[in-house]
Amino acid sequence: MTKGNSTKITDELYAYMLAHNPPLDAVQRELVETTYAKLPDHAGMQSAEEQGPLLAFLVRLTGARHIVEVGTFTGFSALAMAQALPEDGRLIACDVSEEWTAYGREAWERAGVADRVDLRIAPALDTLRAMPEEPHIDFAYLDADKGNYIAYWEELVPRMRQGGVITTDNVLFHGSVTDPDATGAAKAIQDFNDHVSADARMDSVLLTVSDGLTLSRKR
């Protein structure tokens, strides 16, 4: 077997990577810093800094106009994607917390993209199941409670247009996906990864970006 992990991501190399990626704009940077300052015990739920430019890149690459985000937290990923949408594009953001998403609402307003974000405070499965059943979603970002990942996937996939992309975060779950005795969220991610790799409706690749990111394209 050829090993491709000979490059270890040191702090210096990580900083080098960030320095050679598109920088966060002022609103994005403030939101990231506010999240860590105001919610230090939960800030690890925020998408990694490099994922903002990556998500924006993927939105532009796919020509997405209709995005669904499952799990919004304080709104950094939604902000990056909404900024990449055309003016008539829309992002449905699914979350259950008015408190956490309030930070996102403020940032979306400051960035001038609040009209592109439709925040729906409700269990995400309820929001997804209320959507039209025909394929209409161009891009989806899945980053919510791990125990429901397969259920979210099964609601999203039939609604994705051909060529539409689902990007799923935390698919390495801090490295615990290799633990044969994994339980809880780690076991849920193991099951999800097996489910995705066996799904003939999608072409999928699992990448070692941040805590693991799977890109899946509707066939």
Side-chain angles (χ1 to χ4, degrees), residues 9 14-15 17-62 64 66-86 89-122 124 127 137-146 149 152 156 165-174 185 207-215:
I9 306 299
Y14 184 73
M17 177 271 294
L18 291 180
H20 287 79
N21 270 345
L24 302 189
D25 64 29
V27 178
Q28 292 173 344
R29 175 62 61 195
E30 183 179 356
L31 179 56
V32 168
E33 293 177 355
T34 297
T35 299
Y36 277 92
K38 299 290 189 180
L39 301 168
D41 294 337
H42 302 285
M45 294 168 57
Q46 184 169 246
S47 295
E49 180 174 329
E50 65 270 26
Q51 289 176 262
L54 175 59
L55 289 168
F57 179 88
L58 292 171
V59 168
R60 295 187 180 103
L61 183 67
T62 58
H66 186 181
I67 299 174
V68 174
E69 177 180 67
V70 182
T72 296
F73 188 40
T74 59
F76 170 63
S77 51
L79 173 60
M81 291 187 288
Q83 290 173 307
L85 278 170
R90 294 294 178 270
L91 186 157
I92 295 175
C94 307
D95 207 280
V96 293
S97 174
E98 290 277 10
E99 176 190 359
W100 291 346
T101 56
Y103 295 102
R105 288 182 186 272
E106 294 176 5
W108 305 332
E109 287 284 355
R110 291 198 305 275
V113 296
D115 61 332
R116 301 178 194 177
V117 182
D118 178 3
L119 177 61
R120 302 187 183 181
I121 301 296
T127 299
I137 302 171
D138 302 314
F139 190 85
Y141 183 45
L142 176 53
D143 184 17
D145 54 303
K146 312 314 172 192
Y149 261 30
Y152 296 141
L156 285 168
V165 171
I166 301 175
T167 299
T168 308
D169 199 15
N170 302 119
V171 293
L172 295 179
F173 207 70
H174 320 297
L207 305 173
T208 55
V209 175
S210 188
D211 190 32
L213 204 65
T214 292
L215 305 183

- Query: Who are the salt bridge (charged side-chain N to carboxylate O under 4.0 Å, His left out) partners of R60, not counting sequence neighbours?
  - Reply: none
- Can you check whether H42 reaches T35 side chain to side chain, under 4.5 Å on heavy atoms? no
- Value rounded to 0.5 Å, distance of CG in L54 from CG in N21: 8.5 Å
- Query: Out of L207, L172, V171, which residue meets the side-chain contact (heavy atoms from CB on, under 4.5 Å) rule with T214?
  - Reply: V171
- Item | Check: A78 main-chain N/O paired with W108 side-chain donor or acceptor under 3.5 Å | no
- Identify the two heavy atoms, one from K38 and one from Y103, that lie closest to each other, and give their separation to 0.1 Å. CB-OH, 3.5 Å
- Within a strict 4.5 Å, meaning less than it, do heavy atoms of the F139 and L91 side chains meet? no
- Note on the structure: Residues T127 and R120: closest non-hydrogen pair is CG2-CD, 3.7 Å
- Task: Test H66 against I92 for side-chain contact (heavy atoms from CB on, under 4.5 Å), laying out the working first.
- Result: CA-CA 8 Å; H66 186 181; I92 295 175; 3.8 Å; yes
- Query: Nearest heavy-atom pair of L31 and A107: which atoms, and what distance?
  - Reply: CD2-CB, 3.8 Å
- Evaluate the side-chain proximity of L58 to L215: yes if any heavy-atom separation is below 4.5 Å, no if none is. yes
- Between P22 and P53, which heavy-atom pair has the shortest distance, and what is it? O-CG, 3.5 Å
- Message: With a 3.5 Å distance limit and no angle check, can you tell me whether Q28 reaches the backbone of D25 through a side-chain donor-acceptor pair?
- Response: yes
- Quick one: pull up CG in D169 and CG in L213 and give me the separation to the nearest 0.5 Å. 5.5 Å
- Interatomic distance, OG1@T72 vs CD@Q46, rounded to 0.5 Å, equals 12.0 Å
- Item | Any side-chain heavy-atom pair of I9 and T208 under 4.5 Å | no
- Task: Please tell me if the side chains of Y152 and D145 come closer than 4.5 Å, counting only heavy atoms from C-beta onward.
- Result: yes
- Message: Can you confirm whether Y141 sits close enough to I67 that some side-chain heavy atom of one is under 4.5 Å from a side-chain heavy atom of the other?
- Response: no
- Message: Please find the pair of heavy atoms, one from A56 and one from A84, that lie closest to each other, and give the distance.
- Response: O-CB, 3.6 Å
- In Å and rounded to the nearest 0.5 Å, what is the CG to OG1 distance from L156 to T168? 8.5 Å
- Within the side chain of D95, is there an N or O that forms a donor-acceptor pair under 3.5 Å with the backbone of F73? yes
- Stepwise, does the side-chain contact (heavy atoms from CB on, under 4.5 Å) test hold for V27 with L79? CA-CA 9 Å; V27 178; L79 173 60; 4.0 Å; yes
- Hey, what do you get for CD (E109) to CG (D115), rounding to the nearest 0.5 Å? 8.5 Å
- Q51 CD to F57 CZ distance, which is reported to the nearest 0.5 Å: 15.0 Å
- Message: If you define the side chain from C-beta out and look only at heavy atoms, does anything of T74 sit under 4.5 Å from L39?
- Response: yes
- Message: Ignoring hydrogens, what is the shortest heavy-atom contact between S77 and S47? Give both atom names and the distance.
- Response: CB-OG, 3.9 Å
- Message: Donor-acceptor check, side chain of N170 to backbone of F173, threshold 3.5 angstrom: yes or no?
- Response: no
- Could you walk me through whether K146 and D143 pass the salt bridge (charged side-chain N to carboxylate O under 4.0 Å, His left out) check? CA-CA 8 Å; K146 312 314 172 192; D143 184 17; 3.4 Å; yes
